Amino acid sequence: MKKIGIMTTGGDCSGLNTVIQRLYRGASLRGWKTFGILDGTDGLCETPPRVIEFNDSTLPIEAARLAGSFLHSGRAGALNFETAAKSGLLERFNKKIRKSLLELKLDAIILIGGNGSISLAWCNREIYNGLQLICIPKTIDMDIPLTDKTIGFNTAVQQLTSFCDQLMLTARSHHRWFVVQTMGRDCGQLALNAGIAIGATAILIPEIKFDVNSLITCIKNAPSDYGIILVSEGVSLRGHSGKPAEIISRKLTSAGIVNRTAYPEHTQRVGDTTAADRILAARMADCALHAIENNETYVMTAINDCKCETVSLKAFFESGSITEDPNIPDIKTSDAYVSPDDPLLGIATDMGIYIGETK
Ligand code: F6P
């Protein structure tokens with residue numbers, strides 16, 4: 001009988017509980033025991049490690065669609081890979097995690113995380129020696145290399161779309177514009193997808209340079225006198241600091257365009273999990289359990305060409321663009337961005353949406 005540990009790390013999103021529930025059910029059917037590690041690596045850092053054993057009533061089916069992580073994802077500011085590296089404690093932190101994993105005598109650990117957590121697990125892989133490490137990608141940012149889908153993204157696009165759909169109605173009533181700042185870190189996928197869904201007038205993303213005068217011209221020539229300008233949080237304007245939506249809003253006001261700013265913020269992470277995300281969670285959980293049966297380790301579940309499969313963490317790490325934080329030694333992440341040949345860029349342009357200076 002195998003002992004499987006499950007943990008969620010990094011920012012939460014919708015679909016985490018669905019994947020946890022599917023993992024538990026699939027593992028039980030195989031006669032395996034499942035343990036939830038509370039608060040991700042924070043829970044492993046404590047003595048004894050904070051762990052619960054799952055049973056049929058731990059996470060009822062009707063709760064599995066709810067956003068957030070039933071296992072929690074770590075306390076803000078607690079000791080984790082990043083804070084440990086920053087304070088020169090990484091070696092001690094790794095030793096502690098390793099000790100806890102050995103004490104728990106797990107056969108496999110399933111880490112449900114974003115590009116940061118998965119990259120860090122790979123870069124510090126010796127702590128998982130002797131057990132199988134299977135990662136499941138989740139993020140609303142869609143910045144994970146080697147997978148076409150990540151758990152939580154579809155719900156986040158839906159949340160942002162619903163938020164903007166509502167704003168569009170008040171925008172129309174008052175003949176004015178809304179500058180909406182989206183999440184997404186340095187990746188523009190969330191803004192790009194929701195922008196197409198709502199028929200935004202402009203979508204500004206970190207990957208594409210834009211010109212404020214062209215943006216103003218596009219708004220002034222728009223077929224309506226109201227609409228939405230989506231600005232991804234990673235957008236920066238040379239010579240300006242502060243929230244990108246505020247900066248754009250001020251520029252529009254100076255050009256005589258009446259506008260307001262709006263920030264959906266963390267509501268993008270907490271929608272009722274969409275059917276698409278629930279199905280994705282079920283597929284990824286199933287793939288992770290098969291990977292354990294097949295004695296795989298250091299792999300991530302992924303969707304490629306509509307198939308759910310595993311890819312090696314080595315390939316995941318090497319295929320992204322490696323980002324090093326100059327202020328945090330030993331921390332490297334593998335990131336994905338909107339590529340210049342993403343078909344959605346052409347579709348947005350054909351819809352008359354201003355997406356920046358693509359030529
Ligand atoms: O990575 C997910 C994400 O929601 C980003 O889009 C956003 O920049 C960040 O996390 C917000 O983090 P926090 O929850 O720490 O405010």
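The structure displayed is predicted, hence computed values, not measured ones. Whatever order the structure lists ligands and atoms in, that order sets their numbers, starting from 1.
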Is the [atom1] atom of [X] crowded by more than 12 outside heavy atoms at less than 6.0 Å?
X: R30; atom1: CZ; answer: yes
X: K96; atom1: NZ; answer: yes
X: E91; atom1: CD; answer: no

So, does G114 sit close enough to ligand 1 that a heavy atom of it is under 4.0 Å from the ligand?
no
Does at least one non-hydrogen atom of H266 fall below 4.0 angstrom from an atom of ligand 1?
yes
Does any part of the side chain of L23, heavy atoms only, come nearer than 4.5 Å to the side chain of I110, both counted from C-beta?
yes
Tell me, do Y354 and D211 make a side-chain contact under 4.5 Å, heavy atoms counted?
yes
Kindly indicate whether atom 13 (P) of ligand 1 is approached by any protein heavy atom to under 4.0 angstrom.
yes
From the candidates I140, D12, D141, the one that places a heavy atom nearest atom 5 (C) of ligand 1:
D141
Which atoms of ligand 1 are found less than 4.0 Å from any heavy atom of G184?
6 (O)
Which heavy atom of the protein is the closest neighbour of [atom], given with residue, atom name and distance?
atom: atom 8 (O) of ligand 1; value: E233 OE2, 2.5 Å
atom: atom 10 (O) of ligand 1; value: R269 NH1, 3.1 Å
atom: atom 9 (C) of ligand 1; value: R185 NH2, 3.8 Å

If you draw the axis of the six-membered ring of F317, does the NZ or CZ of K332 fall within 45° of it and under 6.0 Å from the ring centre?
no
May I ask you to establish whether K33 and F54 are in a cation-pi arrangement, using a distance under 6.0 Å from NZ or CZ to the six-membered ring centre and at most 45° from the ring axis?
no
Counting only heavy atoms closer than 4.0 Å, does ligand 1 sit against the backbone of L190, its side chain, both, or neither?
neither
